[in-house]
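The first residue in the sequence is number 1, and the count goes up from there. Order of listing sets the numbers, starting from 1, for every ligand and every atom in it. In this text the structure is predicted, and so the values were computed from the model without any measurement.
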Amino acid sequence: MSASPDETKLKAAVIGMPIGQSLSPLMHNHWFGACGLAGEYAAVEVAPKDLEKQLEFFRANHFSGFNITVPHKTAIVPFLDKFSPSARQIGAVNTVKIAANGASTGFNTDGIGFLKNLKEQAPGWPKDKPSLVLGAGGAARAAVVALLNDGVPMIMLCNRTRTKAQALADKIGRGQVTVVDWNDRAHAVAGAGLIINTTVLGMAGQEKLALDLSRAASDTVVYDIVYRPLNTELLKAAENQGLRTVDGLGMLVHQGAAAFKIWFDRDAEFDDALKAKLLAALGEGPTAEGQP
Ligand code: ATR
């Protein structure tokens, strides 16, 4: 990393590969300003072989901590000293705090962000019914742990590669996760109070998620953690059917706010100014939408 260390500023960063499109610098630098803190948050592209070296750089230069994104969320684990309960449960780390003495603690705020966004955008969502989770990657793990911790009675887990869903269910399912075949997903829709897409399907540049929602109950909530684009084909289909929907922007913001709190003990808000900046960065601003 080339940034020259400035001892008077608070410092944090996000590491990943690629990292160019990350919205985290925009978000955290907004919060430094909003909280009246002098600080700088950088995006650093780090290759897997350089992970440990990068951690050493952050330690030596007195960073308060850093975020971790694809593909390093599990690869970072062997290099850290301690873990929060949620990082242990999820088995992946998206936030590291570096103490004054250099000790590193791994946290996972993805589940917190996932749940806070759900509660904000769909208050009173049908929590007493099973949830249907599509996907079995890191995001699915965070969602499953968050939902089970929040008291959802049962999760139907459905992934293209069934063995990965089964492995996830066995590891973190507490006997409350049943695996559903990818080809049976339209049937599982019928019993679901909440349907969550954690796969990459529907993201810009990916195929859309083909999911027949016609069997959904009228109070079912459809949640897509994809935020590029914000209004995915899945969410549009759900809206067309009169179902409540939750988009992925709030999950991004709330996982970031939880990390900011861990590092700086300040409450970072999802205010209108931040929302406008994020929507503009995503090309989803009012002017973009208003174009004919
Ligand atoms: P993350 O950590 O962000 O959740 P990931 O671990 O790469 O990302 O997981 C991506 C998810 O998208 C997986 O559930 C993957 O399914 P597989 O386990 O079968 O790979 C899912 N996915 C990716 N491409 C897909 C496709 N074309 N059809 C269905 N699911 C797909």
Any side-chain to backbone donor/acceptor pair from E45 onto P18? Under 3.5 Å, distance only.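 Here the side-chain-to-backbone pair does not exist.
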With the side chain counted from C-beta on, respond yes when F66 and Q54 share a heavy-atom pair under 4.5 Å apart, and no when they do not.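 With C-beta onward as the side chain, the pair stays apart.
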Heavy-atom check, side chain of V145 versus side chain of S86, under 4.5 Å: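 They are not in contact (no side-chain heavy atoms under 4.5 Å apart), so the answer is no.
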With S131, which residues qualify under side chain to side chain donor-acceptor pair (under 3.5 Å), at least two apart?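 For S131, no residue satisfies side chain to side chain donor-acceptor pair (under 3.5 Å) once neighbours in sequence are set aside.
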Checking E120 now: which residues fulfil side chain to side chain donor-acceptor pair (under 3.5 Å) with it, not counting sequence neighbours?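 Only H254 meet the side chain to side chain donor-acceptor pair (under 3.5 Å) criterion with E120.
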May I have a table of the N/O to N/O pairs between ligand 1 and the protein that fall below 3.5 Å, each row giving the two atom names and the distance to 0.1 Å?
residue, atom, partner, partner atom, Å
ligand 1, 2 (O), G138, N, 3.0
ligand 1, 4 (O), G138, N, 3.2
ligand 1, 4 (O), A139, N, 3.0
ligand 1, 12 (O), V200, N, 3.4
ligand 1, 14 (O), A136, N, 3.0
ligand 1, 14 (O), N159, OD1, 2.6
ligand 1, 16 (O), N159, OD1, 3.2
ligand 1, 18 (O), N159, ND2, 2.8
ligand 1, 18 (O), K164, NZ, 2.8
ligand 1, 19 (O), R160, NE, 3.0
ligand 1, 19 (O), T161, N, 3.0
ligand 1, 19 (O), T161, OG1, 2.5
ligand 1, 20 (O), R160, NH2, 2.9
ligand 1, 27 (N), R160, NH1, 3.2

For residues 67-92, which residue pairs pass the salt bridge (Lys or Arg N to Asp or Glu O under 4.0 Å) check, not counting sequence neighbours?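 Every pair satisfying salt bridge (Lys or Arg N to Asp or Glu O under 4.0 Å) with a residue in residues 67-92: R59-D81, K73-D110.
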